[in-house]
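Computed from a predicted structure; not experimentally measured. Sequence lines set the chain letters: A, B, ... in the order given, protein chains first and strands last, and positions in each chain run from 1.
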Amino acid sequence: MVSKDILPNREKEPDTLSEELLAWFAANSRKLPWRIGYIPYQVWISEIMLQQTQVKTMLAYYDRWMVRFPDIASIAQAPEDDVLRLWEGLGYYARARNIQKAARIMVSDLGGKVPRDFDVLRSLPGIGRYTAGAIMSIAFNADYPAADANAGRIFARLGDIAHPSGSKEFCDSVDRMAWQLLPRGRSRDFNQALMDLGSLVCLAKEPLCVQCPISGRCEALYKGFTGLRPVKAGKKAVIQIARAAVVMVRKGKVLIRRRPGTGLMAHLWELPGGDVPSGMSPQKGVGRLWEDELGIRLGPLESLGVIKHSHTAFRVELHAFLCNDPNPLPRAVKNAQQLQWVAIAELEKPAFPSAHRRIIRAFLERLRCASQADSPVAIPKAKKPLPVSTQDFSNA
DNA sequence: AACTCGTGGCA
DNA sequence: TTGCCAAGAGT
């Protein structure tokens, strides 16, 4: 056995892949708010917000979340409507409700703290295998892998994994590499190094291999296969759907409806409407929907415009209408729907799906300008999340 | 084991 | 414009 003292230079130079990554991270890491002090609560919230969401998209949400909910107790005590309103526009709204469920468990059963235990974390709502590992490593620097899509892509190229991403074989290979490369005691930086490298250098499209600190060990690059790794699973066909919704105005208030507590956009509010029955015009279709679901016969409709918006599985054209009805009288409402008349000035308070928020913006704009086009206008996307103010619109 | 669950950035 | 993609979890 050769004494370390005889080989001082090898001690100073990174000589493993993990050390190359750690050195790269030390020089190139992104400055992100939850990386200041690594407060477990902040790391947890950041990880939930980042699920299927890019840093650039969530950053503004994260900042205002920490102003409104600076700690676990504040989120545990908050009304669910407040939580959803702060999440409006981020998507996957079960994440927000699961944060609150988990916060309440932390307060009641876990001493009001983020648990420092993988299995306990894993048992909390919204925390799966990845997120539990991410919190253990990033918040507590404990030795757990956190192999997200970035790490998966890096490992798939590094080891030239030919299995399709999402397959069990792929996940097993990634998991094995993650455990194998994890430098004990440095898991916080290592896991984040993989994420930053994946989002800054080892990009899904056109990776910047010349900037990569481990390109010399990348099997896919050596074979010229970086564009083929990871192998993507088959994609599904996108379906076109026509929907319609109505801004019903009566005595300065607008009728909104709360969505059910399960399924798509649970517990968000919406402008009543829905899928346009096939073969009908949007205008006629939404009249049918209102009559069937609300027992309201709509008066003359004015177009507010058309919204094009897409989900993973389908592309939607949402037709928005305005109805100034002096006296609509709801008959029997089906399915015990939760309906509410909200003052126009309070429309910013409930949480709406993005597309419906765009309709409300167009409606308020119409009130300001009173302009009307001949044909439906395209309603644009908002650039930033709508600022939040006081909640509680229920008694307005 | 496949689906479902959203949205905005980006080329 | 269209399609792809993103720090996944729950069922």
Side-chain angles (χ1 to χ4, degrees), chain A residues 30 32 34-35 43-62 84 87-99 101-102 121-135 137-139 145-154 164-169 171 174 178 188 191-200 202-207 227 230 232-238 240 259-260 262-268 270 307-316 318 351-358 378 380-385:
Chain A
R30 291 174 290 181
L32 298 170
W34 53 92
R35 290 178 175 175
V43 171
W44 166 42
I45 299 302
S46 75
E47 283 303 330
I48 304 299
M49 278 192 179
L50 283 162
Q51 289 170 4
Q52 302 291 286
T53 307
Q54 298 186 23
V55 169
K56 183 171 184 179
T57 302
M58 59 75 83
L59 217 40
Y61 287 86
Y62 176 89
L84 286 172
W87 207 268
E88 182 189 286
L90 263 186
Y92 291 134
Y93 296 94
R95 292 184 292 174
R97 301 209 296 144
N98 282 336
I99 285 176
K101 289 176 193 166
L121 282 168
R122 182 68 186 75
S123 73
L124 293 169
I127 299 182
R129 202 172 59 128
Y130 161 76
T131 303
I135 294 172
S137 59
I138 298 173
D148 65 331
N150 289 306
R153 188 168 58 252
I154 292 169
S165 62
S167 69
K168 187 178 187 304
E169 292 86 348
C171 294
V174 167
R188 167 185 288 157
N191 287 340
Q192 294 188 101
L194 288 172
M195 297 171 193
D196 278 21
L197 187 71
S199 54
L200 296 174
C202 194
L203 307 174
K205 299 174 186 174
E206 301 183 43
K232 302 165 200 84
K235 56 240 171 218
K236 279 174 279 185
V238 177
Q240 305 264 353
R259 296 183 56 84
T262 57
L264 188 65
M265 294 179 276
H267 278 179
L268 269 69
E270 65 183 0
I307 285 167
K308 296 186 182 211
H309 110 284
S310 53
H311 296 230
T312 310
F314 38 125
R315 177 174 305 281
V316 181
L318 174 60
F352 289 98
S354 256
H356 287 236
R357 178 59 73 193
R358 284 164 70 183
K381 288 186 183 182
K383 299 299 180 195
K384 294 178 180 177

- Check the angle between the aromatic planes of His311(A) and His309(A) and answer parallel, tilted or perpendicular using the 30° and 60° thresholds. perpendicular
- Message: Restricting to non-hydrogen atoms, name the atom on Ile127(A) and the atom on Trp44(A) that form the minimum distance, rounded to 0.1 Å.
- Response: CD1-NE1, 3.8 Å
- Message: To check you understand the geometry: which heavy-atom pair defines the closest contact between Ser354(A) and Tyr93(A), and what is its length?
- Response: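 Looking at all heavy atoms of both residues, the shortest contact is N-OH, 4.4 Å.
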Counting the atoms with a prime plus P, OP1 and OP2 as sugar-phosphate, which does [X] contact under 4.0 Å by heavy atoms, base, sugar-phosphate, or nothing?
X         : value
Ile48(A)  : nothing
Ala149(A) : sugar-phosphate
Met58(A)  : nothing
Lys232(A) : sugar-phosphate
Leu264(A) : sugar-phosphate
Thr53(A)  : base
Trp87(A)  : nothing
Arg259(A) : nothing
Leu32(A)  : base
Ser46(A)  : nothing

- Message: Using only atom types and a distance under 3.5 Å, with no angle test, would you say the side chain of Thr57(A) pairs donor to acceptor with the backbone of Thr53(A)?
- Response: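 No, the answer is negative, given that no donor and acceptor are paired below the 3.5 Å cut-off.
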Rounded to whole Å, how long is the line connecting atom [atom1] of [X] with atom [atom2] of [N]?
X         : N       : atom1 : atom2 : result
Leu203(A) : dC4(C)  : CG    : P     : 18 Å
Phe314(A) : dC4(C)  : CZ    : C1'   : 17 Å
Tyr92(A)  : dT11(C) : OH    : C1'   : 15 Å
Arg35(A)  : dA7(C)  : CZ    : P     : 12 Å
Leu50(A)  : dA7(C)  : CG    : C1'   : 5 Å
Leu194(A) : dA7(C)  : CG    : C1'   : 11 Å
Gln52(A)  : dA6(C)  : CD    : P     : 8 Å
Arg129(A) : dA9(C)  : CZ    : P     : 9 Å

Going by side-chain contact (heavy atoms from CB on, under 4.5 Å), name the residues that satisfy it together with [X], two or more places apart in sequence or in a different chain.
X         : answer
Pro164(A) : Ser167(A), Val231(A)
Asp196(A) : Trp24(A), Phe25(A), Ser29(A), Arg30(A), Arg35(A), Leu200(A)
Tyr92(A)  : Gln52(A), Arg95(A)
Arg97(A)  : Glu80(A), Leu84(A), Ala266(A), His267(A)

- Message: Work out how far the C1' atom of dA2(B) is from that of dA7(C), and round it to whole angstrom.
- Response: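 Looking at atom C1' only, dA2(B) and dA7(C) are 23 Å apart.
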- P atom, dA9(C) versus dG8(B): distance in rounded Å?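 Here dA9(C) and dG8(B) have their P atoms 22 Å from each other.
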- Query: Under the 3.5 Å rule, do the base of dA7(C) and the side chain of Arg30(A) count as making a donor-acceptor pair?
  - Reply: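 By the distance-only test, yes, there is a pair.
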- Of all nucleotides in DNA chain B with an atom under 4.0 Å from a non-hydrogen atom of chain A, which is the first and which the last going 5' to 3'? dT4(B) to dC10(B)
- Task: Could you check Trp34(A) against Ile127(A) and say which one's nearest nucleotide on DNA chain C is further toward the 5' end?
- Result: Trp34(A)
- Task: Hey, which sits more toward the 5' end of DNA chain C by its nearest nucleotide, Gly126(A) or Val55(A)?
- Result: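 The residue closer to the strand's 5' end, by nearest nucleotide, is Val55(A).
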Look for any protein N or O under 3.5 Å of an N or O in nucleotides 1-3 of chain C and output each such pair with its distance, or none.
none

- Task: Identify, between Met265(A) and Glu206(A), the residue whose nearest nucleotide on DNA chain B lies closer to the 5' end.
- Result: Met265(A)
- Task: Assign each of Ala382(A) and Ala313(A) to its nearest nucleotide of DNA chain B by heavy atoms, then name whichever residue's nucleotide is nearer the 5' end.
- Result: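 The residue closer to the strand's 5' end, by nearest nucleotide, is Ala313(A).
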For [X], which residues count as a side chain to side chain donor-acceptor pair (under 3.5 Å) partner, sequence neighbours excluded?
X         : result
Gln51(A)  : Thr131(A)
Asp148(A) : Asn150(A)
Tyr61(A)  : none

